[in-house]
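The structure under discussion appears below in the form of structure tokens.
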Amino acid sequence: MAQVVLTDKQLVEQMEIKLSHLAMRWRERKDQPDAEEIARQYQAMLRLMIELGFHDELYVDSELPDELMPQEYLALFE
């Protein structure tokens, strides 16, 4: 089976899709006990994306409330 190798840009694009799914899942579950874990996964993924060179503004639907967004992301737009 052939191995697929993604560039950092392609990886970040896939991670951005996953981030959007996590944001949607958090909104659906924000009053449930697992919402905190979903937010932690979201924050970890966004921090990694920034480490890989992501410096764009996310679509509103892909964001969590400001108090849950990583400071590293918020600092990009101050």
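Shown here are the side chain to side chain donor-acceptor pair (under 3.5 Å) partners of Gln10, two or more places apart in sequence or in another chain: Thr7. Remark: Tyr73 pairs with Phe77 by the ring-ring contact (aromatic ring centres under 6.0 Å, His included) rule, at least two apart or across chains. In this view, Met24 and His21, Arg27, Glu28 satisfy the side chain to side chain contact (heavy atoms under 4.5 Å, CB included) rule, not counting sequence neighbours.
Distance alone, capped at 3.5 Å, is enough to place a donor-acceptor pair between the Gln43 side chain and the Leu68 backbone.
A continuous path of Ile, Leu, Val, Met, Phe, Trp and Tyr side chains, each step under 4.5 Å between heavy atoms, connects Leu64 with Leu74, placing both in one hydrophobic cluster. Linking ILVMFWY side-chain heavy atoms closer than 4.5 Å, directly or via other members, places Ile17 and Met45 in two distinct hydrophobic clusters.
Nearest heavy atom pair, residue Trp26 against residue Ala35, reads CD1-O, 3.3 Å. When every heavy atom of Met49 is checked against every heavy atom of Leu19, the shortest pair comes out as SD-CD2, 3.9 Å. Across all their heavy atoms, Leu48 and Met15 have their closest contact at CD2-CE, 3.5 Å. Considering all non-hydrogen atoms of both residues, Ser62 and Tyr42 come closest at O-OH, 2.5 Å.
Between Ile50 and Leu76, the closest side-chain pair of non-hydrogen atoms falls below 4.5 Å. Between Leu58 and Leu46, some side-chain heavy-atom pair lies under the 4.5 Å cut-off.
Listed by first then second residue, pairs satisfying salt bridge (Lys or Arg N to Asp or Glu O under 4.0 Å) with a partner in residues 8-22 read Lys9-Glu13, not counting sequence neighbours. Residue pairs meeting the salt bridge (Lys or Arg N to Asp or Glu O under 4.0 Å) criterion with at least one partner in residues 30-51, sequence neighbours excluded, are Arg29-Asp34, Glu36-Arg40, Glu37-Arg40, Arg47-Glu72. Residue pairs that meet the salt bridge (Lys or Arg N to Asp or Glu O under 4.0 Å) test with at least one member in residues 61-70, sequence neighbours left out, do not exist here.
Annotation: the span from Glu57 atom CD to His55 atom NE2 amounts to 13.5 Å, rounded to 0.5 Å.
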